[in-house]
Amino acid sequence: MDYKKAALEVLENIGGSDNIVSAAHCATRLRLVIADNAKCSKEALENIDGVKGVFEASGQLQIIFGTGIVNKVYEEFIAAAGITGATKEDVKQAAASKQNVFLRAIKTLGDVFVPIIPAIVASGLLMGLLEGLSKVFPAMAESGTYTIIHLFSNASFVFLPILIAVSAAKVFGGNQFLGAVIGMIMIHPDLVNAWSVAGYEGTIPSATAWFGLYDINLVGYQGHVIPVVIAVWFMSMLEKKLHKIVPEIIDLFVTPLVTVLVTGYLTLTIIGPIFSTLENGVLSGVEYLINIPYGIGAMLCGAVYAPTVVAGVHHMYNALEAGLLSANGVNTWMPIATAANVAQGAAALALALKTKNQKTKSLALPASLSAFLGITEPAIFGVNIRYVKPFIAGCVGGACGALVAGITGIGASAYGITGLFGFLITTDNTVSYLLIMVVAVVVAFTISWILYKDETPAGKTEKVAKKETDKDTIYAPFKGEVVPLSSVDDETFAGEVLGKGVGIIPEEGKLYAPFDGEVTTLFDTKHAVGLSNEDGLEVLIHVGINTVELDGKGFMAHVSEGDRVTCGQLLLTVDLDAVKAAGYDVTTPVIVTNTDDYEEVNGIKLGQTNSSEAIIKVKK
């Protein structure tokens, strides 16, 4: 493909270099932050050669080109735009700055909990492996090997507040080792283990806080996640403030001391008690919702899961799942997420199998498989949300699968894994987990298959789409007034130097294909297009007189050279008012450039015409 051409078309259809805040790329896509999204034409971007999908997420405009292509397009893009390339992290920060406070908070939670996933997954898989083996070999539960590996399997949950504290300190820009100390303080062995409170014999020890104002129970924060995040956020803000005001000569000693002392005291006396109570309320509410009788609550969660992904607030589920695991040892949210994810995959799969559009098929099939493995963004943003009905089918399928999850009540021993890999971390009932997936897939696939239909190519009218076109006939490419070629205000066209034909004074700025054929020429300035059909008929459509001088301003192409087109398919969009305002005549010559190959080339219609009417006949 022509990487420079693709880059220039991207630049044109996002509103030019002045509309770019930041630009980077990953392995498969351009990641852009745009100042004014209203200046972007998503439809035009999707029609650029090489583009496999376009979507907006977390404040970024992401244009999918694919591995091995995106980096080459990116190089041409930043060169054409005259900008400096940014890192993915720069783009994320630029995008985040455009979001509201709520979305930034949700993103921050995701940034804290996502890096911990490998540790949680490792523990969850070990736990699931142990449980499975001990069922097959009951004697194993009494072995020393079981005891040792069991110690490994719950280590990340026992010390989860420390993992969270380290990750949060990195996100908030604090010292990660000081963050670890705050996490250690919150689960110190001198505090009563929170999981042991229910069976604790005697009076739980307490201490007087804030010079006798009130007492606090000396209980640890095992089973809590949000108080740790809030405490480390405060620690990081305090540390950075102290670095600015404490003289450098004593900064190394004073800043860590004051940071740990102040943060630790506030955490055990104010932050911990308040936010642990709030977190308990949130978790209780979620558990109540999931456990509403007959699976109704879980069904509602499954229905809204995909829309929250679109809204970019699904990162909060990492914190929710960590909280459920830490508090109860069972993640009941994972099966619901699996139902929603595989349902979107099934909806995309139905579209992939039903569509006749090869570009759509090549995008939808791998995207659907990715969703079955737990990665839904390609299916949701690249396919389903673009066609709406498959997305709705996926939401319905997710709701039905989640209904089964709510009724069976199964959970998982970790978070961060859904879909097919979720079998590795489900607790007890893998048959129920399979049933959840089957129900979600069957419902979503069926609904998507029934509802989805390939769209009529842009610009094709029903009349033209259904009629048989003649190989020796040229149909009107514009709606407007057909005039003799001799009346066109250009000596070359009027004198039939390039060939015989007619002129059209367009009434609307949509130029359609005049027959079934191939785009043989598309000028860089988009003001003229050449086409030919299988019978050898060659036509040039030149929009306006001397409009090449506009250098493409006011013109947008919806096809590329080499594209096969059908009669009535939209080729160009023209801002006629802008062309006229610039002082140019919009009369459009339609020329048979290989006139010498024909015995007759006759204009068969003058006056008003629609884009479906025949205007020129040729005879060999």
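Across all non-hydrogen atoms, the minimal contact from Ile14 to Ile20 is CD1-CG1, 3.7 Å. The nearest pair of heavy atoms linking Val342 to Gly419 is CG1-CA, 4.0 Å. The two residues Ala306 and Gln344 have their closest heavy-atom pair at CB-NE2, 3.5 Å. Summarising the geometry of Asn175 relative to Met235, their closest heavy-atom pair is O-CE, 3.7 Å, with the distance given to 0.1 Å. Annotation for Ala180 and Val166: closest pair CB-CG2, 3.7 Å, computed over non-hydrogen atoms. Closest approach of Thr418 and Ala337 over heavy atoms only: CG2-CB, 4.0 Å.
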### Query
Step by step, would you call Leu191 with Met186 a side-chain contact (heavy atoms from CB on, under 4.5 Å)?
CA-CA 8 Å; Leu191 301 174; Met186 298 183 75; 6.0 Å; no

### Task
Determine, step by step, whether Leu61 and Val33 satisfy the side-chain contact (heavy atoms from CB on, under 4.5 Å) criterion, reporting the C-alpha distance in whole Å, the side-chain angles of both residues, the deciding distance to 0.1 Å, and the verdict.
CA-CA 6 Å; Leu61 177 67; Val33 179; over 6 Å; no

### Query
What's the verdict on side-chain contact (heavy atoms from CB on, under 4.5 Å) for Leu151 and Thr147, showing C-alpha distance, side-chain angles and the deciding distance?
CA-CA 6 Å; Leu151 182 150; Thr147 301; over 6 Å; no

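Under the 4.5 Å side-chain criterion, counting only non-hydrogen atoms from C-beta, Tyr221 is not in contact with Glu279. For the pair Tyr433/Met334, a side-chain contact is recorded, criterion being any heavy-atom separation below 4.5 Å from C-beta on. With a 4.5 Å cut-off on side-chain heavy atoms, Val254 and Leu242 do not count as touching. No side-chain heavy atom of Leu218 sits less than 4.5 Å from a side-chain heavy atom of Asp190. Side-chain contact between Phe234 and Ile182 is absent, with no heavy-atom pair separated by less than 4.5 Å. A 4.5 Å side-chain heavy-atom check between His224 and Asn280 finds at least one atom pair inside the cut-off. For the pair Thr430 and Leu434, the minimum side-chain heavy-atom distance is 4.5 Å or more. Between Pro390 and Val383, every side-chain heavy-atom pair lies at or beyond the 4.5 Å cut-off.
Using modelled atom types, no side-chain atom of Asn331 and backbone atom of Ala412 make a donor-acceptor pair closer than 3.5 Å. Thr408 places a side-chain N or O within 3.5 Å of a backbone atom of Ala405 that can act as its donor or acceptor partner. Judged by distance alone, the side chain of Ser236 and the main-chain N or O of Val232 form a donor-acceptor pair under 3.5 Å. In this structure a side-chain-to-backbone donor-acceptor pair under 3.5 Å is missing from Ser368 to Ala346. With hydrogens and angles disregarded, a donor-acceptor distance shorter than 3.5 Å links the side chain of Gln222 to the backbone of Ala194.
When each of Val70, Asn71, Ile69 is checked for a side-chain contact (heavy atoms from CB on, under 4.5 Å) with Val73, only Ile69 meets the rule.
Distance check, rounded to the nearest 0.5 Å: CD1 of Ile447 to SG of Cys395 gives 10.5 Å. In this structure, CH2 on Trp333 lies 12.0 Å from OG1 on Thr338, to the nearest 0.5 angstrom. Leu289 CG to Cys301 SG: the interatomic distance, rounded to the nearest 0.5 Å, is 4.0 Å. Going from atom CD1 of Ile436 over to atom CD1 of Ile410 covers 3.5 Å, rounded to the nearest 0.5 Å. Rounded to the nearest 0.5 angstrom, Asn341 CG and Ile336 CD1 are separated by 12.0 Å. Atom-to-atom distance recorded for Asn384:CG and Ser448:OG is 6.5 Å, nearest 0.5 angstrom.
Checked against side-chain hydrogen bond (donor to acceptor under 3.5 Å, both in side chains), Ser167 has no partners two or more places apart in sequence or in another chain.
Between the side chains of Asn217 and Ser206, no donor N or O sits under 3.5 Å from an acceptor N or O.
Tyr146 OH: more than 12 foreign heavy atoms inside a 6.0 Å radius. Heavy atoms from other residues, nucleotides or ligands lying under 6.0 Å from CD1 of Ile245 number more than 12. Within 6.0 Å of atom OH in Tyr288, 12 or fewer heavy atoms from other residues, nucleotides or ligands are found, so the atom counts as exposed in its surroundings. More than 12 heavy atoms of other residues, nucleotides or ligands lie within 6.0 Å of NZ in Lys240, so this atom counts as buried by the packing criterion.
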Name the atoms and distances for all side-chain donor-acceptor pairs under 3.5 Å in residues 266-278, with sequence neighbours left out.
unit_1	atom_1	unit_2	atom_2	d
Thr267	OG1	Thr263	O	2.6
Thr269	OG1	Trp210	NE1	3.1
Thr269	OG1	Tyr265	O	2.6
Ser276	OG	Gly272	O	2.7
Ser276	OG	Pro273	O	3.2
Thr277	OG1	Pro273	O	2.8

